[in-house]
Novice: 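Below you will find the structure I want to go over with you.
Each ligand, and each atom within it, is numbered from 1 in the order the structure gives. Residues take their numbers from the sequence shown, with the count starting at 1.
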Amino acid sequence: TFVIGENCIKCKYTDCVEVCPVDCFYEGPNFLVIHPDECIDCALCEPECPANAIFSEDEVPDDQQEYIELNAELSEVWPNITEKKDPLPDAEEWDGKKGKLEQLER
Ligand code: SF4
Ligand code: F3S
């Protein structure tokens, strides 16, 4: 499966959802997640993210391992998203900032 990591938080560019053949993205207030049981590992979304926030499960950086469980958990409760929308207003400013987990809204 593929996993969305920290750099999506407060950016949420949503380019990823447009290319997913199985529509397995789910949307929270300031973050997106991938449903691990629905993702077919096509890898199309990974290069689409302007924030480089998407990883194959086995390439998630050591300091973002908790995002694997977070994607699984939140994709069960958040609504599906299938169409691109505008990024969050301060996306450029937050792109690349560290420690964004505390900014996550559920
Ligand atoms: Fe969708 Fe493919 Fe990305 Fe999985 S790897 S979330 S199936 S685009
Ligand atoms: Fe997030 Fe990147 Fe998609 S910032 S919404 S994972 S395009």
Novice: Determine whether Tyr26 and Leu74 make a side-chain contact, defined as any pair of heavy atoms from C-beta on separated by less than 4.5 Å.
Specialist: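 The answer is no; the side chains never approach within 4.5 Å.
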Novice: Which atoms of ligand 1 are found less than 4.0 Å from any heavy atom of Val22?
Specialist: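 In order of numbering, the contacting atoms are 7 (S).
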Novice: Would you mind checking which non-hydrogen protein atom is closest to atom 2 (Fe) of ligand 2, with the distance to 0.1 Å?
Specialist: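 Answer, as residue, atom name and distance: Cys49 SG, 2.3 Å.
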Novice: Going by the atom numbers of ligand 1, which of them fall below 4.0 Å from some non-hydrogen atom of Phe25?
Specialist: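 Those atoms are 6 (S).
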Novice: Within the structure provided, determine whether Phe2 and Glu46 are in side-chain contact (heavy-atom separation under 4.5 Å).
Specialist: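 Phe2 vs Glu46: side chains touch.
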Novice: Which protein non-hydrogen atom lies closest to atom 3 (Fe) of ligand 2, naming both residue and atom, and how far is it?
Specialist: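 For this ligand atom, the closest protein heavy atom is Cys16 SG, 2.3 Å.
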Novice: Are Pro79 and Ile81 side-chain neighbours, meaning at least one heavy-atom pair lies under 4.5 Å?
Specialist: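 No; the side chains remain at least 4.5 Å from each other.
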Novice: Compare all side-chain heavy atoms of Asp37 with those of Thr1 and state whether any distance is below 4.5 angstrom.
Specialist: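 SC-SC contact between Asp37 and Thr1 ruled out.
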Novice: Using a strict cut-off of less than 4.0 Å between a Lys/Arg side-chain nitrogen and an Asp/Glu carboxylate oxygen, indicate whether Arg106 and Glu73 qualify as a salt bridge.
Specialist: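 A salt bridge is present here (some side-chain N lies under 4.0 Å from a carboxylate O).
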Novice: Quick one: nearest non-hydrogen protein atom to atom 3 (Fe) of ligand 1, plus distance?
Specialist: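 Answer for atom 3 (Fe) of ligand 1: Cys45 SG, 2.3 Å.
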Novice: May I ask you to check whether over 12 heavy atoms, not counting those of Glu83, lie within 6.0 Å of atom CD?
Specialist: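 12 or below, so no.
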Novice: Let me check your reading of the structure: within less than 2.8 Å of atom 4 (Fe) of ligand 1, is there an N/O/S atom from Cys42?
Specialist: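 No, Cys42 does not qualify, because none of its backbone or side-chain N, O or S atoms lies under 2.8 Å.
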Novice: Evaluate the side-chain contact (heavy atoms from CB on, under 4.5 Å) criterion for residues Cys20 and Cys24: first the C-alpha distance (whole Å), next the side-chain angles of each, then the deciding distance (0.1 Å), finally the verdict.
Specialist: CA-CA 7 Å; Cys20 183; Cys24 63; 3.7 Å; yes
Novice: Side chain, backbone, both or neither: which applies to Ile40 and ligand 1 if a contact is any heavy-atom pair less than 4.0 Å apart?
Specialist: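 Both of them.
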Novice: Going by the atom numbers of ligand 2, which of them fall below 4.0 Å from some non-hydrogen atom of Asp15?
Specialist: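 Checking each atom against Asp15, I get 7 (S).
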Novice: I need the nearest protein heavy-atom contact for atom 6 (S) of ligand 1: residue, atom name and distance, please.
Specialist: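 Checked against all protein heavy atoms, atom 6 (S) of ligand 1 sits closest to Cys24 SG, 3.5 Å.
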Novice: I'd like to know if Lys12 pairs up with Glu27 as an ion pair, taking the criterion as any Lys NZ or Arg NE/NH1/NH2 lying under 4.0 Å from an Asp or Glu carboxylate oxygen.
Specialist: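 So Lys12 pairs with Glu27 through a salt bridge.
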Novice: With a 4.0 Å cut-off on heavy atoms, is Glu48 in contact with ligand 2?
Specialist: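 Contact check Glu48 vs ligand 2: negative.
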Novice: Can you report which non-hydrogen protein atom sits closest to atom 5 (S) of ligand 2, along with the distance?
Specialist: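 Ranked first by proximity to atom 5 (S) of ligand 2 is Thr14 N, 3.2 Å.
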Novice: Atoms of ligand 2 less than 4.0 Å from Ile54 heavy atoms?
Specialist: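 By the 4.0 Å cutoff, the relevant atoms are 6 (S).
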Novice: Spell out, as yes or no, whether a donor-acceptor pair under 3.5 Å connects the side chain of Asn80 to the backbone of Phe25.
Specialist: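 Yes; at least one donor-acceptor contact below 3.5 Å.
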Novice: So which heavy atom in the protein is nearest atom 4 (S) of ligand 2, and how far is it from that ligand atom?
Specialist: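 I find the closest protein heavy atom is Tyr13 N, 3.5 Å.
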Novice: Looking at Asp15, Val17, Val19, Leu32, which one forms a side chain to side chain contact (heavy atoms under 4.5 Å, CB included) with Cys45?
Specialist: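 With Cys45 as partner, side chain to side chain contact (heavy atoms under 4.5 Å, CB included) holds for just one option, Val19.
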Novice: Strictly under 2.8 Å, is any N, O or S atom of Cys39 next to atom 1 (Fe) of ligand 1?
Specialist: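 It does not: Cys39 brings no N, O or S atom closer than 2.8 Å to atom 1 (Fe) of ligand 1.
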Novice: Can you tell me if Cys8 has an N, O or S atom under 2.8 Å away from atom 1 (Fe) of ligand 2?
Specialist: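 An N, O or S atom of Cys8 is closer than 2.8 Å to atom 1 (Fe) of ligand 2, so yes.
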Novice: Do Lys10 and Glu93 sit within salt-bridge range, that is, some charged N less than 4.0 Å from a carboxylate O?
Specialist: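 So Lys10 does not pair with Glu93 through a salt bridge.
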Novice: Using a 4.0 Å heavy-atom cut-off, say whether Ala43 meets ligand 1 through its side chain, its backbone, both or neither.
Specialist: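 For Ala43, the contact with ligand 1 is made by the backbone alone.
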Novice: Atom 1 (Fe) of ligand 1: which protein heavy atom is closest, and how many Å away?
Specialist: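 For this ligand atom, the closest protein heavy atom is Cys20 SG, 2.3 Å.
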